[in-house]
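First up is the structure itself, then whatever we jot down about it.
Counting from 1, the numbers follow the sequence of the chain as shown.
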Amino acid sequence: MTSIDKKALEANEVDVDVSDRNGKMELMEFEDSEAIKSRGQWGSHIEFLLSCIGYAVGLGNVWRFPYLCYSNGGGAFLVPYFIMLICAGLPLFFMEMAFGQFASLGTISAWNISPLFRGVGIGMVIVSGLVGIYYNVIIAWTIYYMIQSCTTGDLPWVGCNNTWNTPDCYPAGQNISGLEGTFTRASDEFWHRYVHEITDGIETAGGLKWDLVGCLFLSWVVIFLCLLKGVKSSGKVVYFTATFPYIILIVLFFRGVTLDGAGDGIEFYIVPDVDILATSKPWKDAAVQIFYSLGVSFGGLMTMSSFNNFNNNCFRDALVVAFTNCGTSVFAGFVIFSVLGFMSKTSGIPIEEVVADGPGLAFIVYPEALALLPGSQIWAFLFFFMLFTLGLDSEFAMMETVISAINDVLPPKQRKWKPLLTFVCCALGFILGLPCVTRGGMYVFQLMDWYSAGFSLMVIAIVFCCVISYLYGTGRFLDEIKVMVGFRPRIYWRACWMIVTPVLLIVSLLHSVYLFNFLFMFQIAYLKI
């Protein structure tokens, strides 16, 4: 054989080897594509965007942010709030969304990039599961109040002539400014003595409240039906659940600002107290509110973005969702305080004594204020239906995080049973939520609310940010973002991910640990657990 023949043979062997490798690569790409398709994808980009907005804009925007703004210097609170958004919230939000979209896997499987830190993904699943259990209890409460609002007479939390009322009760709208003694709102007694029939302590469960059990069961049925086909079904539901709250907020806003005393409430909400910015409280509260309001480190963002098209512009989506979330919080404050100003003027109670946050605002103070309006039944029903839809979107994301994470680690042949897995997760959620709907369930609820997603979320966020920035590599991560969206994010993102955001998170965590107190409810202290 001549040297020319040998060279020709070698060249042919090289061509065969290259074509063989190319064929294997094409096969792998095809299999990856099929695997992604089998997980399901959003029907359209708007479904993903609405799902993210619905997830981020939750109950905390309505019942937590307005109170924090009032208690931290009014309009001055917006300064640390937006600084924390730019320096910590937005970088984490974009990082989690981009990571999920690039991996196209659930929160556990996505950590194949660094198996040593797969516990970060497992931690996200555990936190989402725990929060999902008691979060659906809140949804059950909104269903209960919606049912109670369907009456042709007075709303049940208005008067004091009921079997559950005490001699200290005063009805909604009564001016008690000149009276002496200790008085209790009719809406407060309805909440504690009728809805929950609350016991003296967590050691006394008191048996199940069957009307609340029924509402909890109904809420889990709704969640199961909406998640039955994964994002293909929930993506259609969010067209309503993510937009309806805005319609109600706008309606309540225009109704609220026309009420007598609304201006006093709004002034109380926005008038800035710049001096308070020199203290640590508004900065700590801003960091915590941004952190929890955007929903970072729960795994929900990573899960939802994993169902995206690979080349979706997640950079644009992160900006749109984050600023929509913050804008909604500010707007909700006007809605809440306009009505509270009216309530304060009607009852003669100073507005600082009217203001509350959390369940106290949603199920005691605001319902009482709505009861004073003409057509109060309609306003109450709309308000609680708004809370219902706000809760659903967040619950969708948390449960999908748990379900998809488990489904992605199953053998490929077993993934077709995802509807059964969804049923099992929802059934377990219902069973594990039953302690929260006993007569002593409010104590259990408070424990879960305080300890399920507190320090653990901050630790997850710190580890997540540091692993991506230092072990996986910020430069490598930015290159992968460029592959997806077509451009490389600027140095601001690198600086935040590597230095600014981790430092802020660590400082916030240490400050929270330093200020950590026992949980008190009705003068009963819970041990740190």
Discussion item. Strictly distance-based, threshold 3.5 Å: is any side-chain N or O of His192 a donor or acceptor partner for the main-chain N or O of Asp188?
Written reply: yes
Worksheet entry | Atom of Thr142, atom of Leu387 and distance for their closest heavy-atom approach | CG2-CB, 3.7 Å
Discussion item. Quick check: closest heavy atoms across Tyr81 and Ser329, and the distance to 0.1 Å?
Written reply: OH-OG, 3.8 Å
Worksheet item: Is it true that atom CZ of Phe315 has more than 12 heavy atoms of other residues, nucleotides or ligands lying nearer than 6.0 Å?
Response: yes
Practice prompt. Using ring pair (Phe, Tyr, Trp, His ring centres under 6.0 Å) as the criterion, point out the one residue from Trp191, Phe384, Phe388 that pairs with Trp141.
Written response: Trp191
Worksheet item: Between the side chain of Ser104 and the main-chain N/O of Gln101, is any donor-acceptor distance below 3.5 Å?
Response: yes
Worksheet item: With a 4.5 Å limit on heavy-atom distance, are the side chains of Ile468 and Thr474 in contact?
Response: no
Worksheet entry | Non-hydrogen side-chain atoms of Leu505 and Leu92 separated by less than 4.5 Å | yes
Worksheet item: How long is the gap from CD on Gln289 to CG on Leu294, to the nearest 0.5 Å?
Response: 9.0 Å
Discussion item. What I'd like to find out is whether the side chain of Val483 reaches to under 4.5 Å of the side chain of Phe310, using heavy atoms alone.
Written reply: yes
Worksheet item: Taking the side chain as C-beta and beyond, is there a heavy-atom pair between Tyr443 and Gln446 under 4.5 Å?
Response: no
Fill in: Phe298 vs Thr401 side-chain heavy atoms within contact, under 4.5 Å
no
Discussion item. Would the distance check show the side chain of Thr501 and the main-chain N or O of Cys87 forming a donor-acceptor pair, the cut-off being under 3.5 Å?
Written reply: yes
Worksheet item: Rounded to the nearest 0.5 Å, how far does CD of Glu96 lie from CE of Met124?
Response: 4.5 Å
Practice prompt. Say whether, by atom type as modelled, one donor and one acceptor occur between the side chain of Ser109 and the main chain of Gly106 under 3.5 angstrom.
Written response: no
Item to complete: Measure the spacing between OG of Ser219 and OH of Tyr135 and express it to the nearest 0.5 Å.
Response: 12.5 Å
Fill in: Closest contact, heavy atoms only, Ala332 versus Val62
CB-CA, 4.2 Å
Discussion item. To the nearest 0.5 Å, what is the distance between CE on Met97 and CG on Leu319?
Written reply: 9.5 Å
Discussion item. Which heavy atom of Cys326 sits nearest to which heavy atom of Leu85, and what is that distance?
Written reply: SG-CD2, 3.6 Å
Worksheet item: Considering only heavy atoms from C-beta outward, does the side chain of Phe334 approach that of Val330 to under 4.5 Å?
Response: yes
Worksheet, complete the sentence: For Cys215 and Ile143 the tightest heavy-atom approach is O-CD1, 3.8 Å
Discussion item. Between Arg193 and Ile198, is there a side-chain heavy-atom distance shorter than 4.5 Å?
Written reply: no
Worksheet item: Once the angle between the rings of Phe331 and Phe253 is folded into 0 to 90°, is it parallel (under 30°), tilted (30 to 60°) or perpendicular (over 60°)?
Response: tilted
Worksheet item: From Leu301 CG over to Ser306 OG, what is the distance, rounded to the nearest 0.5 angstrom?
Response: 11.0 Å
Discussion item. Would you say that more than 12 heavy atoms from the other residues, nucleotides or ligands in this model lie under 6.0 Å from the NZ of Lys236, or not?
Written reply: yes
Worksheet entry | Full working for ring-ring contact (aromatic ring centres under 6.0 Å, His included) between Trp450 and Phe445 | CA-CA 9 Å; Trp450 277 60; Phe445 174 86; over 10 Å; no
Worksheet entry | Counterpart residues, salt bridge (charged side-chain N to carboxylate O under 4.0 Å, His left out), relative to Glu395 (two or more places apart) | none
Fill in: Flag, side chain of Ser305 to backbone of Met302, donor-acceptor distance under 3.5 Å
yes
Discussion item. Any carboxylate oxygen within less than 4.0 angstrom of a Lys/Arg side-chain nitrogen, looking at Glu400 and Lys418?
Written reply: yes
Worksheet item: Are Phe190 and Tyr145 near enough that their ring centres are under 6.0 Å apart?
Response: yes
Practice prompt. Measure the acute angle between the ring planes of His45 and Phe48, then classify it against the limits of 30° and 60° as parallel, tilted or perpendicular.
Written response: tilted
Worksheet entry | Side-chain donor/acceptor of Thr438 to backbone N/O of Leu208, under 3.5 Å | no
Worksheet item: Under the side chain to side chain donor-acceptor pair (under 3.5 Å) criterion, do Glu368 and Ser187 qualify, and how do the steps go?
Response: CA-CA 6 Å; Glu368 180 182 343; Ser187 57; 3.2 Å; yes
Discussion item. I'd like to know if the side chain of Ser452 reaches the main chain of Asp449, judged simply by a donor and an acceptor atom lying under 3.5 Å from each other, with no hydrogens or angles considered.
Written reply: no
Worksheet item: What about the rings of Tyr472 and Trp111, do their centers lie closer together than 6.0 Å?
Response: no
Discussion item. For Trp157 and Phe363: C-alpha separation, side-chain torsions, deciding distance, then whether ring-ring contact (aromatic ring centres under 6.0 Å, His included) applies.
Written reply: CA-CA 10 Å; Trp157 54 82; Phe363 297 102; 9.7 Å; no
Discussion item. Between Trp493 and Leu90, is the side chain to side chain contact (heavy atoms under 4.5 Å, CB included) condition met? List the steps.
Written reply: CA-CA 9 Å; Trp493 300 97; Leu90 188 57; 3.8 Å; yes
Worksheet, complete the sentence: In this structure, CG of Leu78 is separated from CZ of Phe65 (nearest 0.5 Å) by 5.5 Å
Worksheet entry | Residue Ile378 excluded, over 12 heavy atoms near CD1 under 6.0 Å | no
Worksheet item: When the ring centroid of Phe477 is compared with that of Phe102, is the distance short of 6.0 Å?
Response: no
Item to complete: Look only at the side chain of Asp393 and the backbone of Leu390, and say whether a donor-acceptor pair between them is shorter than 3.5 Å.
Response: no
Worksheet, complete the sentence: Tightest non-hydrogen contact, residues Tyr134 and Met448, listed as CE2-O, 3.5 Å
Worksheet entry | Residue pair Phe94 / Cys314, side-chain heavy-atom distance below 4.5 Å | yes
Discussion item. Determine whether a donor-acceptor pair (N or O, by modelled atom type, separation under 3.5 Å) exists between the side chain of Thr199 and the backbone of Gly201.
Written reply: yes
Practice prompt. Using atom types as modelled and distance alone, determine if a side-chain donor or acceptor of Trp42 lies under 3.5 Å from a backbone N or O of Met304.
Written response: yes
Practice prompt. Quickly, which of Phe396, Phe423, Phe217 forms a ring pair (Phe, Tyr, Trp, His ring centres under 6.0 Å) with Phe224? Name it, please.
Written response: Phe423
